[in-house]
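Contents: one structure, followed by commentary.
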Protein chains: 2
Amino acid sequence: MTLFPSAEPVALDLLSEVTSEATPRTEQRSKREQILQGAMQVFLERGYAGTSMDRVAAVAQVSKQTVYSHFKDKKGLFTALIEQMTIQRFQIRFGTDFFGEPPDLLLRQLAELMLEKLDDPQFLAFFRLIIAESARFPELAKLYIQTVIQFGHSRLGQYFAQHSELQISDPDATVRVFFGSIAAFILAQGVLHGQEVMPIAKERLVNTLVDLIVSQTDSRAHKG
Amino acid sequence: MTLFPSAEPVALDLLSEVTSEATPRTEQRSKREQILQGAMQVFLERGYAGTSMDRVAAVAQVSKQTVYSHFKDKKGLFTALIEQMTIQRFQIRFGTDFFGEPPDLLLRQLAELMLEKLDDPQFLAFFRLIIAESARFPELAKLYIQTVIQFGHSRLGQYFAQHSELQISDPDATVRVFFGSIAAFILAQGVLHGQEVMPIAKERLVNTLVDLIVSQTDSRAHKG
DNA sequence: GTCTATATCTAGATAGAC
DNA sequence: GTCTATCTAGATATAGAC
């Protein structure tokens with residue numbers, strides 16, 4: 001399991017081209033990249049067990065043996081793909097400037113950043129896949145937790161702790177409420193098709209969340 | 001006695017079979033249950049595509065043809081199983097007495113009820129499976145949303161709306177924050193193995209959540 | 001490294017005896 | 001309805017030419 005300590009990885013345009021129909025310029029990209037591109041498309045659509053190496057090869061427009069010359073086996077291909085996507089694409093990076101903002105603005109910006117994923121079918125499929133294979137590939141789930149979630153949690157926890165005017169007694173738990181509400185919203189509305197069954201505007205969640213966390217200030221100040 | 005509202009939009013042959021006690025062919029019912037039991041074990045462990053009908057038959061200790069005599073095909077077996085589990089086992093039913101409680105006690109009880117699922121491997125596997133197959137079987141995901149989630153949301157929303165002393169401006173959104181935080185906690189800690197990577201006591205989440213929602217009362221009262 | 005061709009096995013689904 | 005036996009397609013992985 002490889003973790004990039006300071007994440008400034010190569011800008012691998014793994015996800016820029018989803019449709020590689022009849023583009024005869026396949027020789028320009030490296031074969032490995034080409035394979036990963038095809039594998040991503042198939043794995044995201046059909047899951048691990050539902051994906052065949054034949055199909056990966058076909059979509060990637062290479063022969064099957066070429067796939068096996070770059071990756072040991074199906075497991076190795078899947079692991080390499082998920083590790084790359086986790087680290088290079090779906091790791092949310094918060095700029096340092098974010099944390100100079102006042103609380104309500106910061107929280108709104110973070111919420112917006114996350115809620116954009118609702119309109120990103122590729123992320124929804126990736127999220128679904130990580131969860132789907134979290135029993136067969138527990139290490140990939142942990143990698144996702146560590147790279148995508150944990151860093152953001154730690155940063156916001158520090159922010160909460162430093163901004164004493166918020167009077168947050170348990171910063172880490174409050175972070176869980178904030179990020180957790182939004183993650184569950186994405187899961188229910190985007191992944192589980194809740195948008196069609198119990199729709200609700202995402203702004204209402206954001207407003208409520210910001211109100212709950214920020215307006216604690218008034219409560220305790222008046223109490224003291 | 002637990003409360004069970006009538007709103008049931010989906011037709012399910014499995015429910016009607018179970019409720020009809022006067023089935024003359026007890027042998028037939030027994031086999032069917034036996035198959036579903038085996039199917040549950042295998043599907044929960046290996047997912048839909050990873051499950052073979054051979055293995056289901058073996059675990060259920062019947063021949064494969066017997067499986068096909070009770071269910072049209074693999075899809076039909078899976079659908080019947082998930083529908084049954086969703087409705088009969090994992091639907092959280094809130095007793096009416098719950099909603100006579102004061103807010104902090106009610107929220108704590110609800111949180112406890114949900115967080116028990118962290119220690120229920122079968123629920124964690126079921127939760128994982130619903131999400132995993134939400135692309136291939138969107139109707140099952142919607143059924144889950146409607147039966148497991150929506151009813152609880154609506155009940156707590158009514159409670160929030162009726163208890164005006166809580167001064168909750170958007171009850172439904174507040175419900176999303178409450179249930180969403182807990183659901184995301186179960187997902188991260190239980191399903192995605194976050195317990196091993198970023199452990200945190202569930203009581204801290206509950207305390208923070210209750211504090212955020214209930215102490216809003218003081219805030220707005222003082223604000224005037 | 002990359003291809004075509006193939007070995008070996010297992011998948012879902014069905015036939016036919018009883 | 002339930003079993004054993006089987007069909008056919010597709011799966012992972014490898015062989016061997018170039």
Side-chain angles (χ1 to χ4, degrees), chain A residues 20 22-82 129 132-133 136-137 140, chain B residues 13-14 17-18 20 22-82 129 132-133 136-137 140:
Chain A
S20 54
T23 41
R25 54 185 157 87
T26 55
E27 292 302 324
Q28 291 182 350
R29 287 181 297 175
S30 78
K31 286 287 181 190
R32 184 189 170 93
E33 193 180 331
Q34 198 174 328
I35 293 165
L36 284 171
Q37 168 74 26
M40 181 190 68
Q41 204 173 315
V42 184
F43 276 124
L44 284 186
E45 187 184 327
R46 309 164 82 96
Y48 178 78
T51 291
S52 74
M53 298 295 266
D54 279 288
R55 192 176 184 88
V56 168
V59 171
Q61 291 178 308
V62 299
S63 77
K64 195 160 57 170
Q65 183 57 19
T66 300
V67 178
Y68 278 99
S69 76
H70 282 85
F71 301 92
K72 180 174 175 290
D73 51 17
K74 188 181 175 182
K75 233 173 181 170
L77 172 60
F78 182 73
T79 301
L81 173 70
I82 297 299
L129 187 57
E133 303 304 334
R136 195 192 298 254
F137 298 94
L140 293 182
Chain B
D13 54 342
L14 218 101
E17 163 143 357
V18 170
S20 62
T23 308
R25 309 186 181 195
T26 53
E27 181 70 25
Q28 188 177 347
R29 225 190 74 169
S30 161
K31 282 289 182 194
R32 187 187 172 96
E33 288 304 319
Q34 197 174 329
I35 294 166
L36 284 171
Q37 182 72 24
M40 181 186 69
Q41 200 174 318
V42 184
F43 277 124
L44 284 185
E45 185 183 329
R46 309 165 81 97
Y48 178 77
T51 291
S52 74
M53 297 296 265
D54 281 287
R55 192 177 183 87
V56 168
V59 171
Q61 290 179 310
V62 298
S63 76
K64 192 159 62 168
Q65 183 58 18
T66 300
V67 177
Y68 278 100
S69 76
H70 284 270
F71 302 93
K72 181 174 173 290
D73 52 16
K74 188 182 176 183
K75 233 173 179 168
L77 172 60
F78 182 73
T79 301
L81 172 71
I82 297 299
L129 187 56
E133 302 305 333
R136 194 193 298 254
F137 298 94
L140 292 183

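For Leu77(A) and dT12(D), the CG to P distance is 11 Å, given to the nearest whole Å. dC18(D) atom P lies 16 Å from atom CD of Gln65(A), rounded to whole Å. Between the C1' atom of dG10(D) and the CZ atom of Arg55(A) lies a distance of 13 Å, rounded to the nearest Å. We find that CG of Asp54(A) is positioned 7 Å from P of dT12(D), with the value rounded to whole Å. Rounded to whole angstrom, the span from the CD atom of Gln34(A) across to the P atom of dT2(C) amounts to 9 Å. One interatomic measurement links the two molecules: CD of Gln61(B) to P of dT2(D), which rounds to 14 Å at whole-angstrom precision. Separating the NZ atom of Lys72(B) from the C1' atom of dG12(C) is a distance of 12 Å, rounded to the nearest angstrom. The distance between atom NZ of Lys31(B) and atom P of dG1(D), rounded to the nearest whole Å, is 12 Å.
Listed nucleotides: dT14(D), dG12(C), dT4(D). Nearest to the side chain of Ser52(B): dG12(C). Taking the side chain of Tyr68(B) as heavy atoms from C-beta on, and the options dG12(C), dG1(C), dT12(D), the nearest nucleotide is dG12(C).
The one candidate from Lys72(B), His70(B), Gln65(B) that meets the side-chain contact (heavy atoms from CB on, under 4.5 Å) condition with Tyr68(B) is Gln65(B).
Phe78(A) and Phe137(A) have tilted rings, their planes meeting at an angle from 30° to 60° on a 0 to 90° scale.
A donor-acceptor contact under 3.5 Å links the side chain of Lys64(B) to the base of dG12(C).
Remark: the backbone N or O of Val67(B) is not paired with any side-chain donor or acceptor of Lys31(B) at under 3.5 angstrom. Not one N or O on the side chain of Thr66(A) forms a donor-acceptor pair closer than 3.5 Å with the backbone of Val62(A).
The phosphate of dC3(C) (OP1 or OP2) has a side-chain N or O of Ser63(A) nearer than 4.0 angstrom.
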